[in-house]
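If you scroll down you'll find the structure; I have some questions about it.
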Amino acid sequence: MGLAQFIAKVLRRFVWRWNAGDRTAARQAGDYGEREAARFLKSRGYKILARQWKADCGCEIDLLARDGDTLVFVEVKTRSSEKFGHPADAVDSEKQRRVARAAREYLRRLGRSDVYYRFDVVEVIGGAGGKRPECRLIPGAFSPDRSRYR
């Protein structure tokens with residue numbers, strides 16, 4: 001192994017360690033919000049099936065849950081306050097399209113066409129200073145037009 005290859009190998013290892021240990025504040029807040037949303041949904045009788053489910057298309061579903069006989073694709077939005085509006089306002093049409101695309105892939109993998117499902121949003125607000133955040137559920141928050149997302 002030449003000197004240049006050795007240096008590249010060392011740098012790759014260093015960069016990987018640096019990135020693995022350096023999670024962004026936004027990602028940490030998102031993880032926190034997803035944990036709190038899962039706790040909140042469990043208290044309301046939901047069964048959590050998966051967290052951060054990644055589809056092959058690159059899209060992600062924050063929480064997959066079951067509410068009775070209904071499969072629920074949950075988008076979680078976490079904010080420290082509502083100073084700049086409701087967290088759910090960030091679930092714009094592009095975000096809805098990406099979640100719907102991942103949901104279609106999940107349903108296709110499930111291999112059943114008789115599944116009832118819906119798209120919920122959970123807003124997680126606050127939680128600083130050791131206080132529990134306020135969680136708000138918006139069931140059926142959006143219903144993408146299937147013909148548009150095929």
Can Asp120 and Phe142 be said to form a side chain to side chain contact (heavy atoms under 4.5 Å, CB included), step by step? CA-CA 7 Å; Asp120 290 1; Phe142 61 93; over 6 Å; no
The criterion is side chain to side chain donor-acceptor pair (under 3.5 Å); which residues satisfy it with Glu36, sequence neighbours excluded?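 Arg39, Arg132.
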Side-chain heavy-atom pair Leu71, Leu49 within 4.5 angstrom cut-off: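 Touching, per the 4.5 Å side-chain cut-off.
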Taking only residues at least two apart or on different chains, which pairs with a member in residues 61-71 satisfy side chain to side chain donor-acceptor pair (under 3.5 Å)?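 Qualifying pairs, neighbours excluded: Asp67-Arg118.
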I'd like to check the salt bridge (charged side-chain N to carboxylate O under 4.0 Å, His left out) partners of Arg112; sequence neighbours left out, ordered by chain and number.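 Counting only residues at least two positions away or on another chain, Arg112 forms a salt bridge (charged side-chain N to carboxylate O under 4.0 Å, His left out) with Asp114.
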More than 12 non-hydrogen atoms from neighbouring residues, nucleotides or ligands closer than 6.0 Å to CZ on Arg44, yes or no?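 Not more than 12 within 6.0 Å, no.
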With sequence neighbours excluded, tell me which residues meet salt bridge (charged side-chain N to carboxylate O under 4.0 Å, His left out) with Glu123.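 So Glu123 forms a salt bridge (charged side-chain N to carboxylate O under 4.0 Å, His left out) with Arg136.
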My understanding is that only residues two or more places apart in sequence, or in another chain, count here; which of them pass side-chain contact (heavy atoms from CB on, under 4.5 Å) with Ala55?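 Once residues adjacent in sequence are excluded, the partners of Ala55 under the side-chain contact (heavy atoms from CB on, under 4.5 Å) criterion are Trp53, Cys57, Ala102, Glu105.
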Specify the closest pair of heavy atoms between Val121 and Ala88, including all atoms of both residues, with the distance to one decimal.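 Scanning both residues completely, I find the closest heavy atoms to be CG1-CB, 4.0 Å.
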Name all residues meeting the salt bridge (charged side-chain N to carboxylate O under 4.0 Å, His left out) criterion together with Glu34; count only those two or more places apart in sequence or in a different chain, and write none if there are none.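 Listed in chain order: Arg27, Arg51.
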Quick check: closest heavy atoms across Tyr32 and Gly126, and the distance to 0.1 Å?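 Closest approach of Tyr32 to Gly126, heavy atoms only: CE2-O, 4.2 Å.
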Inter-residue atom distance Ile138.CD1 - Lys77.NZ, 0.5 Å rounding: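 Interatomic distance, Ile138 CD1 to Lys77 NZ, rounded to 0.5 Å: 12.0 Å.
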Cluster companions of Ile125 among Ile, Leu, Val, Met, Phe, Trp, Tyr (side-chain spacing under 4.5 Å):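 Noted: Ile125 shares its cluster with no other residue.
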Run the salt bridge (charged side-chain N to carboxylate O under 4.0 Å, His left out) test against Lys47 and tell me which residues pass, sequence neighbours left out.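 By the salt bridge (charged side-chain N to carboxylate O under 4.0 Å, His left out) rule, Lys47 matches no residue at all.
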How long is the straight-line distance from CZ of Arg98 back to OG of Ser93, given to the nearest 0.5 Å?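 Answer for the OG-CZ pair, Ser93 versus Arg98, is 12.5 Å.
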Please report the C-alpha distance between Gln96 and Val99 in whole Å, then the side-chain angles of each, then the deciding distance to 0.1 Å, and finally whether the side chain to side chain contact (heavy atoms under 4.5 Å, CB included) criterion is met. CA-CA 5 Å; Gln96 291 175 22; Val99 171; 5.9 Å; no
Taking side chain to side chain donor-acceptor pair (under 3.5 Å) as the test, write out the residues that go with Arg79, two or more places apart.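 Scan of Arg79 (side chain to side chain donor-acceptor pair (under 3.5 Å), adjacent residues dropped) gives none.
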Should side-chain heavy atoms under 4.5 Å link Ile, Leu, Val, Met, Phe, Trp and Tyr, which residues sit in the same cluster as Leu63?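 Cluster partners of Leu63: Phe40, Leu41, Tyr46, Ile48, Val72, Val74, Val76, Val122, Val124, Leu137.
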Side-chain contact, heavy-atom cut-off 4.5 Å: Pro87 with Glu82?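 Counting from C-beta outward, Pro87 and Glu82 do come under 4.5 Å.
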Can you tell me how far apart CG (Asp56) and CZ (Arg108) are? Round to the nearest 0.5 Å.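 One gets 9.0 Å once the value is rounded to the nearest 0.5 Å.
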With sequence neighbours excluded, residues passing side chain to side chain donor-acceptor pair (under 3.5 Å) with Glu60: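 So Glu60 forms a side chain to side chain donor-acceptor pair (under 3.5 Å) with Lys54.
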